[in-house]
Visitor: 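I'd like to ask you about the structure that follows.
These numbers come from a predicted model, not from an experiment. Each chain gets a letter, A, B and so on, in the order the sequences are listed, and its residues count up from 1.
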2 protein chains.
Amino acid sequence: MPVIKVFPQDVDRKLTEVFARFGYDGASMELLSQATGLKKASLYHRFPGGKKEMAKHVLLNIRAWFLDRVDAVIRDTSRPLDVRLEEALMAISDLFANGDRNCPLRMLSAGSESASFQESIAACFTILSDGFALVATENGLPEDIAKAKAMEAIINIQGSLVLSRAMNDNNIFRTSISAIPKLLGQGN
Amino acid sequence: MPVIKVFPQDVDRKLTEVFARFGYDGASMELLSQATGLKKASLYHRFPGGKKEMAKHVLLNIRAWFLDRVDAVIRDTSRPLDVRLEEALMAISDLFANGDRNCPLRMLSAGSESASFQESIAACFTILSDGFALVATENGLPEDIAKAKAMEAIINIQGSLVLSRAMNDNNIFRTSISAIPKLLGQGN
DNA sequence: GTCTATAGCTTGATAGAC
DNA sequence: GTCTATCAAGCTATAGAC
């Protein structure tokens, strides 16, 4: 008998994908089961709290992912600032499949259970915001301006992603991402 | 016996509200029934196509609303440009309850039936984009720049609304809205 | 740890009285 | 035009074998 048929990281990836595509209410246990390749009872074995726990688990993963691939990268002062920012932006693009996939944070931030996830979601955005603000500060911008520019960068990411999906044109997302270094004072 | 217990415009308003808050999959017939004050069978009488028809009806309303409150206002050249833009922006803020309500277009653009709504949603964004581009053009910006600035304005609206809801702070939305006139070349 | 089978509820949708 | 009552299908979640 197989001990583990599907690796946890693969399950996590698929769960994120389904929640990002259908949102919390649209992501049925049946869909989650098919996507992960685990039967419903097996999903309940791994996540006794059911769908809600799966969503929370996905959000914890994203938070860890942001800390590792954005926060840590940007704070690694042993490398040039522009390279660090570029790498963080590439990681972010990856998370959204270069504009082809909706933001799982946004998709879980609305719906019948949104209140349960609000804290985790806000925490993720704060990590991103602090990272961007640090870049802007290192680029010589005063702190209040840096914070405003950081928010603007996140607004551009989220807004361009919404429009890329709505207009079915991921160039909108790509263009916005490529404008962020300059927005944060890079190359001035 | 009452002929009409609830006015169509009130039903429309409530349907929009529920779809904006819960998305298509989260908006159950039970919720829609409670919000409108009409029993489920009555909703099916008004919308024989069921939930899908209600969502399409909501999108048609929003399109008409954009044509009336944004497009027509911006194209009314008998009035000063800054006043027209200001009025259009106030209408847009109204639609989103000044940042307290999610965008119904965005909420219907993702989920299990998103493909059915994509065309209607893109049409709404195009009306908005064309209107903003016209403002930028009248402000002396070259056409390609004007179009880019118009997209940027919509990105700011959508992105700031996502973040306002996620961070529970509608100042993010208000700030972005108030920056749009300058973005479109107003007051330069 | 994964499965089949199923419970119990909620869903979208319909029939028919008034 | 609105209602009560109901259906079949889908839902989340659980029981219990292996």
Visitor: Summarise protein proximity over nucleotides 4-12 of chain C in one line of letters, 5' to 3': B for base, S for sugar-phosphate only, - for none, counting protein heavy atoms closer than 4.0 Å.
Guide: B------SB
Visitor: Nearest whole Å is fine: how far is C:dT14 P from B:Glu53 CD?
Guide: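 Value for this atom pair: 12 Å.
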Visitor: State whether B:Lys147 and B:Asp144 are salt-bridged, where the test is any N-O pair (Lys NZ or Arg NE/NH1/NH2 against Asp/Glu carboxylate O) under 4.0 Å.
Guide: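 Judged by the 4.0 Å cut-off on N to carboxylate O distance, B:Lys147 and B:Asp144 do not form a salt bridge.
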Visitor: To the nearest Å, give me how far apart CZ (A:Phe47) and P (D:dT14) are.
Guide: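 Value for this atom pair: 15 Å.
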Visitor: Please work out which of the three classes, parallel, tilted or perpendicular, describes the rings of B:Phe19 and B:Tyr24, given edges at 30° and 60°.
Guide: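 Correct class here is parallel.
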Visitor: Check whether the side chains of B:Asp25 and B:Ser112 place a donor and an acceptor atom closer than 3.5 Å, and report yes or no.
Guide: yes
Visitor: Please round to the nearest 0.5 Å and tell me the distance separating atom CZ of A:Arg84 and atom CG of A:Leu89.
Guide: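 The CG atom of A:Leu89 is 13.0 Å from CZ of A:Arg84, to the nearest 0.5 Å.
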Visitor: Inspect the contact between B:Arg79 and B:Glu87 and indicate whether a charged nitrogen and a carboxylate oxygen are less than 4.0 angstrom apart.
Guide: yes
Visitor: Any side-chain N or O of A:His45 under 4.0 Å from OP1/OP2 of C:dG1?
Guide: yes
